[in-house]
**Q** 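First, the structure itself, so that you have it in front of you.
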Amino acid sequence: MSNETASAKRHVHVACAIIERDGLVLSALRKASANLPLKWEFPGGKLEPGEELEECLRRELIEEMGVEIAVGRPLTPATHSYENLTVTLYPFVCSITAGEIVLYEHTAITWLPPATLHELDWAEADFPIIAEYQQSVLAQPAA
């Protein structure tokens, strides 16, 4: 790849929600028509100019799934370079506070135990987030 191509590559900043419920984590399947078709991801979306990450996440979850969320602790942002763009994900552990999930932007969802998240076919940018999340959750002693 030439330097010209590398500098022209789009860089998007995305807030994403690791939604927990009853010891399980929500994973969402991208539509076949989307970028990274039929890959699993944590729901969320692109940061708008001047928008705070938490605001972005709340807005995106209403738009994508029709639910209101409580935004909890952040995890380490992760940057991944795909062939046509670079994405930086800003993950937050969240919970649903109102509404029932409606799939406006995804083909399917599934709720999985944290230890089995890696079994899905994830978008590559999510791998370091999954690893950090699993480490943080699985290292905690059971209540």
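For clarity, every value in this text was computed on a predicted model and none was experimentally measured.
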**Q** Mark yes or no for whether Glu63, through its side chain, and Glu60, through its backbone, hold a donor-acceptor pair below 3.5 Å.
**A** no
**Q** Would you check if Cys94 and Leu57 make a side-chain contact, meaning some heavy-atom pair closer than 4.5 Å?
**A**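 With C-beta onward as the side chain, the pair touches.
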**Q** Could you pull out the closest heavy-atom pair between Lys39 and Trp122, with the gap in Å?
**A** CD-O, 3.7 Å
**Q** Heavy atoms, side chains only, cut-off 4.5 Å: are Leu117 and Val25 in contact?
**A** yes
**Q** According to a 4.5 Å side-chain heavy-atom criterion applied to Ile, Leu, Val, Met, Phe, Trp and Tyr, with indirect links allowed, do Ile69 and Tyr90 form part of one hydrophobic cluster?
**A** yes
**Q** Testing the basics here: between Tyr104 and Gly66, what is the closest heavy-atom pair and its distance to 0.1 Å?
**A**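 Heavy atoms only, the tightest pair is CE1-N, 3.8 Å.
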**Q** So do Trp40 and Thr110 actually touch side chain to side chain, heavy atoms under 4.5 Å?
**A**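 Thr110 reaches Trp40 side chain to side chain.
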**Q** Got more than 12 heavy atoms from elsewhere within 6.0 Å of NZ, Lys46?
**A** no
**Q** I'd like to check Val14 versus Leu47 (side-chain heavy atoms, cut-off strictly below 4.5 Å). Are they in contact?
**A** no
**Q** Atom OG of Ser27 and atom CG of Leu120: how far apart are they, to the nearest 0.5 Å?
**A**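 These two atoms lie 5.0 Å from each other.
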**Q** Among the clusters formed by ILVMFWY side chains lying less than 4.5 Å apart, do Ile129 and Leu85 turn up in the same one?
**A** yes
**Q** Which atom names give the shortest non-hydrogen contact between Cys56 and Gly45, and what distance separates them?
**A**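 Scanning both residues completely, I find the closest heavy atoms to be SG-O, 3.4 Å.
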**Q** Could you walk me through whether Glu48 and Glu55 pass the side-chain contact (heavy atoms from CB on, under 4.5 Å) check?
**A** CA-CA 10 Å; Glu48 299 290 339; Glu55 288 176 299; over 6 Å; no
**Q** Please check if the number of heavy atoms outside Glu119 that lie under 6.0 Å from its CD is greater than 12.
**A** yes
**Q** Are Tyr82 and Glu124 close enough that some pair of their side-chain heavy atoms sits under 4.5 Å apart?
**A** yes
**Q** Show the numbers, then the answer: is there a side-chain contact (heavy atoms from CB on, under 4.5 Å) between Met65 and His106?
**A** CA-CA 8 Å; Met65 296 187 162; His106 294 91; 3.8 Å; yes
**Q** Can you find a pair of side-chain heavy atoms, one from Leu26 and one from Phe42, that are under 4.5 Å apart?
**A**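 A side-chain contact is absent here, since even the closest heavy-atom pair is not under 4.5 Å.
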**Q** Set out, in order, the CA-CA distance, both residues' side-chain angles and the distance that settles side-chain hydrogen bond (donor to acceptor under 3.5 Å, both in side chains) for Thr76 and Glu132, then state yes or no.
**A** CA-CA 8 Å; Thr76 306; Glu132 180 184 356; 3.1 Å; yes
**Q** Is Tyr133 close to Val93 at the side-chain level, that is, under 4.5 Å between some pair of heavy atoms?
**A** yes
**Q** On a heavy-atom basis, which atom in Ala123 and which in Leu36 lie closest, and how many Å separate them?
**A**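 Minimum heavy-atom separation between Ala123 and Leu36: CB-CD1, 3.9 Å.
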**Q** So, does Glu64 use its side chain to make a donor-acceptor pair with the main chain of Glu105 at under 3.5 Å?
**A** no
**Q** Val12 vs Thr86, test: side-chain contact (heavy atoms from CB on, under 4.5 Å). Steps then yes/no.
**A** CA-CA 6 Å; Val12 295; Thr86 298; over 6 Å; no
**Q** Taking Arg59 first and then Glu51, would you say they form a salt bridge - that is, a charged N and a carboxylate O separated by under 4.0 Å?
**A**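 Salt bridge: yes.
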**Q** Report the distance from atom CG of Leu103 to atom NZ of Lys31, rounding to the nearest 0.5 Å.
**A** 9.0 Å
**Q** Would Leu61 end up clustered with Val102 when hydrophobic side chains under 4.5 Å apart are linked, directly or stepwise?
**A**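 Leu61 and Val102: separate clusters.
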**Q** For residues Ser95 and Ile19, report the shortest heavy-atom separation together with the two atoms involved.
**A** CA-CG2, 4.4 Å
**Q** Hey, does Glu68 have a side-chain heavy atom less than 4.5 Å from the side chain of Ile62?
**A**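 Of all side-chain heavy-atom pairs linking Glu68 with Ile62, at least one is under 4.5 Å.
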**Q** Please determine whether side-chain contact (heavy atoms from CB on, under 4.5 Å) holds for the pair Leu29 and Ile109, giving the CA-CA distance in whole Å, both sets of side-chain angles, and the decisive distance to 0.1 Å.
**A** CA-CA 6 Å; Leu29 185 63; Ile109 59 166; over 6 Å; no
**Q** Please report the closest heavy-atom contact between Ala32 and Leu38, naming both atoms and the distance.
**A**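 In this case the closest contact between Ala32 and Leu38 is N-CD2, 3.8 Å.
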**Q** Do Ile130 and Val87 belong together in a cluster built from hydrophobic side chains that touch within less than 4.5 Å?
**A** yes
**Q** Can you see whether His11 engages Thr88 through a side-chain donor-acceptor pair at a distance of less than 3.5 angstrom?
**A**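 Side chains of His11 and Thr88: pair found under 3.5 Å.
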**Q** Would you please test Glu54 and Arg58 for salt bridge (Lys or Arg N to Asp or Glu O under 4.0 Å) and show each step?
**A** CA-CA 6 Å; Glu54 293 89 342; Arg58 288 187 198 98; over 6 Å; no
**Q** Flag yes if Ile18 and Leu24 sit in one hydrophobic cluster, no otherwise; membership is Ile, Leu, Val, Met, Phe, Trp, Tyr, and two members link when side-chain heavy atoms are under 4.5 Å apart.
**A** no
**Q** The criterion is salt bridge (Lys or Arg N to Asp or Glu O under 4.0 Å); which residues satisfy it with Arg30, sequence neighbours excluded?
**A**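 Arg30: salt bridge (Lys or Arg N to Asp or Glu O under 4.0 Å) contacts with Glu41.
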